[in-house]
Amino acid sequence: MKKKGRTSAAFLSLATLVALAACGPKGPSAEQTADAIYVGGDIVTVNESQPTAEALAVKDGKILAVGTRAEIEAAHQGASTQVADLAGKTMVPAFLDTHGHYINSLSVANQAKVYAPPAGPGQDVPSILEAIERFRVEKNVPKGELIQAYGYDENVMPDGRLLNRDDLDGAFPDNPVIVGHVSMHGGVLNSAALDMYGISAETETPPGGVIVRKPGTNEPYGLIMETAYLPVFGGLPKPSPEQEVELTKAGQMLYAEAGITLAHEGATKADELAVMQRATAGGANIIDVVAYPFMTDWDAILETTPLDTWGKYDRRLKIGGVKITADGSPQGKTAYFTTPYLTGGPGGEKNWRGEPTVPQDLLNQLVERAYEMDVPMILHINGDATVDMFLEAYENAREGDFSRPWNVTTIHTQFMRKDHIPKFAEYKIRPSFYTLHTFYFAEAHRLNRGAQQAAYISPMRDAIDAGLHPTNHTDFYVAPLDQMFMMWSAVNRMSREGYVVGEDQRITPMEALKSQTIWAAEQYDEADRRGSLEPGKIADLVILSDNPLTVEPMAIKDIKVLETIKDGKTIYKAD
Ligand SMILES: [Zn+2]
């Protein structure tokens with residue numbers, strides 16, 4: 001201890017001498033000299049004790065000071081300081097992804113994006129073919145090589161005119177092509193791709209699978225789903241270690257472009273963690289990545305990555321805790337409810353309430369084990385019956401003793417009931433919501449669940465009013481990484497059809513910003529080092545084209561990310 005003290009004292013005086021030599025007696029000391037000072041725009045700190053500022057100083061990847069321009073320049077501007085003019089734009093803390101599937105970014109970074117508008121260009125068959133052709137030309141894909149696309153949504157195709165193999169054969173005669181379905185559970189294949197996987201008129205449809213046939217024939221017509229798609233999925237080319245590094249960088253740039261400096265890998269299998277660890281060792285990480293081992297793979301992961309290494313970053317990769325999935329999705333009618341779906345089951349079942357992924361006793365065991373491991377836990381729960389099951393498992397694990405803090409986040413929590421909120425507040429359980437569904441799936445939820453229950457999805461207002469700090473997520477790549485569109489959905493709750501979904505659950509732009517910055521940092525046990533613009537925190541910053549707190553709420557979705565800064569360095573700049 002003593003020795004360390006002397007060393008830093010020596011460093012201090014040396015640093016002071018250097019500073020004096022460099023800047024003359026009036027400049028700040030080297031320690032107080034900023035690498036960069038940002039001025040000339042709105043600076044939204046998300047720090048209640050100092051909500052706005054004129055200037056922000058950065059040094060060695062950390063925020064050195066926040067304050068008035070005169071104050072900051074006098075105290076921290078030296079000869080080497082770069083003064084960066086925000087030119088009327090807005091600086092906010094970098095966004096933290098609070099739930100998504102980061103590992104998919106590695107594959108989609110090398111695929112054509114064909115999401116439906118407004119997320120992408122895929123409004124009909126011609127626009128999808130055009131987007132893939134643009135990608136083929138841009139990437140200079142050689143003849144014979146597989147072309148992949150992602151985000152195909154047949155629900156929005158006009159007049160029921162769906163994408164088929166003939167469309168793809170006509171446009172891409174020289175390449176196998178797979179256009180991934182937005183659900184991530186299937187895709188449309190052209191003839192060359194069907195040949196690659198040996199899928200033909202003779203192929204029988206496996207139980208639980210879908211092979212759409214050309215009308216009047218037994219010929220596959222392109223779309224393959226569920227169990228029939230598994231061999232395709234499993235047979236996709238595996239990248240080499242060098243490619244893993246390149247794909248990781250490309251995948252993380254998708255986050256950087258969206259202003260995100262922490263990616264969430266929300267259901268990590270052992271082989272996926274191995275990919276992430278190899279890429280990390282290869283120096284690939286541009287942003288931070290937090291992985292949550294999936295309930296099927298805890299033991300396999302513990303064998304290679306012991307518990308005492310969890311919760312700490314190793315070259316920007318951290319294991320955040322464990323993941324449990326307790327039900328499915330409400331739009332897929334696999335979320336589990338206490339009351340039946342108004343439209344029956346996915347296979348036409350009557351009185352269908354959905355089903356839990358695991359029975360209550362197994363859920364209890366999993367939650368108990370997570371509590372014993374003493375790590376943060378995230379759980380996928382959607383239907384109200386699954387929220388009941390989760391609370392029972394939680395109370396069972398706690399055995400009446402709530403004294404030990406336990407960082408628990410429920411993922412989606414879309415159909416929690418009003419009576420669940422006080423329990424969450426009492427137990428300090430953080431709901432992570434999915435307000436994008438108020439835009440994408442409002443009509444499906446209204447038909448399936450009734451207007452009243454559908455209007456209460458992702459009840460952010462009630463959660464905040466109960467004292468909770470909920471977060472909000474995209475579930476990438478189910479929805480695209482677009483934090484401003486997500487913020488817009490939390491503030492406006494406007495459906496694709498143009499009606500407001502649960503007006504009383506709308507939140508303010510500041511609350512929406514907190515849900516993806518400082519409250520998100522709490523989810524990662526990192527509120528002391530990120531999530532707001534305060535001295536000593538890491539300099540993870542985003543420059544936006546406009547101020548989300550002052551623009552017309554409906555215009556929040558039009559705000560663009562202009563620049564993303566990680567640890568004081570620009571990692572993305574819009575051109
Ligand atoms: Zn998810």
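Both ligands and their constituent atoms are indexed starting at 1 by order of listing.
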Below 2.8 Å, which protein N, O or S atoms neighbour the Zn ion (ligand 1), ignoring water? H99 NE2, H101 NE2, D475 OD1
Side chains of H181 and E154, donor plus acceptor under 3.5 Å: yes
Please determine, by modelled atom types, if E368 and N396 share a side-chain donor-acceptor pair under 3.5 angstrom. yes
Can you confirm if the NZ or CZ of R404 lies within 45° of the ring axis of Y371 and under 6.0 Å from the centre of its six-membered ring? yes
Steps toward salt bridge (charged side-chain N to carboxylate O under 4.0 Å, His left out) verdict (D271, K238): CA-CA 12 Å; D271 58 335; K238 298 267 180 292; over 6 Å; no
Test: K269 and E272 ion pair at under 4.0 Å: no
Could you give all pairs that pass the salt bridge (charged side-chain N to carboxylate O under 4.0 Å, His left out) test and reach residues 299-314, with sequence neighbours left out? D299-R369
